[in-house]
Amino acid sequence: MHPKRRNRLLIVLFVVIGAGVSVALILTALNENLNMFYPPDQIVSGEAPVGAQIRAGGMVLDGSVARSQDTLDVSFVLTDYQGSEFGVVYSGILPDLFREGQGVIVQGQLNADGRFRASQVLAKHDENYMPPELAGMNPAAANKRNPLNYGR
């Protein structure tokens with residue numbers, strides 16, 4: 001084989017192998033950061049993986065929030081109001097919008113006993129929010145004056 005041809009072949013092989021390794025590393029990193037979302041019915045039926053980092057969402061069941069007196073531990077039940085419910089344990093400060101009957105998304109791990117150990121709690125808010133200063137105004141006039149509404 002001619003030395004020039006051999007050098008070109010080695011360069012092409014090096015580029016192909018480098019691209020393959022780069023793609024493999026990128027896919028591995030993306031797979032590790034992937035958080036799948038599961039509703040309450042899939043958590044209860046066992047479709048959610050145990051011990052993996054996942055997200056789950058639902059409504060906080062009325063009367064289910066129990067706060068510890070001496071720590072920041074909170075336990076509550078998430079439901080879809082169609083018969084599927086599971087318990088969540090969280091240690092930390094809850095968002096201001098967290099309350100019973102409100103939709104939340106929790107991120108954490110599902111234990112083998114079926115309880116969800118949350119590392120983060122995200123509370124949903126109402127998309128019809130009106131600032132207190134604008135609450136008494138005409139909605140059409142408020143939309144014209146609100147620069148964050150972008151013409152909606």
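Computed over heavy atoms, backbone and side chain alike; hydrogens, waters and symmetry mates excluded.
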For residues 50-71, the ring-ring contact (aromatic ring centres under 6.0 Å, His included) pairs (sequence neighbours left out) are none
Pairs in or reaching into residues 40-75: which pass ring-ring contact (aromatic ring centres under 6.0 Å, His included), with residues at least two apart or in two chains? none
Would you check if I54 and P49 make a side-chain contact, meaning some heavy-atom pair closer than 4.5 Å? yes
Within the 4.5 Å heavy-atom criterion, are V121 and P95 side-chain neighbours or not? yes
Taking only distance into account, with no hydrogens and no angle test, what donor-acceptor pairs under 3.5 Å do side-chain atoms of residues 39-46 form with protein atoms, sequence neighbours excluded?
unit_1, atom_1, unit_2, atom_2, d
S45, OG, D41, O, 3.1
S45, OG, Q42, O, 3.3
S45, OG, E47, OE2, 3.2

For F98, what residues pass the ring-ring contact (aromatic ring centres under 6.0 Å, His included) criterion, not counting sequence neighbours? F76
Side-chain atoms of residues 55-66: list all donor-acceptor pairs with protein atoms under 3.5 Å, sequence neighbours left out, distances to 0.1 Å.
unit_1, atom_1, unit_2, atom_2, d
R55, NE, Q107, OE1, 3.3
R55, NH2, Q107, OE1, 3.3
D62, OD1, G101, N, 3.3
S64, OG, L61, O, 2.7
S64, OG, V77, N, 3.2

Separation between CZ (F86) and CG (L110), nearest 0.5 Å, reads 8.0 Å
Contact summary for A118 and V88, nearest pair of heavy atoms: CB-CG1, 3.9 Å
Would you mind listing the cluster partners of V16? Hydrophobic ones only (ILVMFWY), side-chain contacts under 4.5 Å, chaining allowed. V12
If hydrophobic residues (ILVMFWY) are linked whenever their side-chain heavy atoms come closer than 4.5 Å, directly or via other members, who joins L72 in its cluster? I93
Side chain to side chain donor-acceptor pair (under 3.5 Å) pairs touching residues 76-90, sequence neighbours excluded, are none
What residue pairs, at least two apart or across chains, pass side chain to side chain donor-acceptor pair (under 3.5 Å) with a residue in residues 113-123? none
hydrophobic_cluster_shared for V106 and V89, side chain cutoff 4.5 Å: no
Pairing residues for D70 by the side chain to side chain contact (heavy atoms under 4.5 Å, CB included) criterion, not counting sequence neighbours: S68
Please report, to 0.1 Å, the donor-acceptor pairs under 3.5 Å made by any side chain of residues 2-10, with sequence neighbours excluded.
unit_1, atom_1, unit_2, atom_2, d
H2, ND1, K4, N, 3.3
N7, ND2, P3, O, 3.4

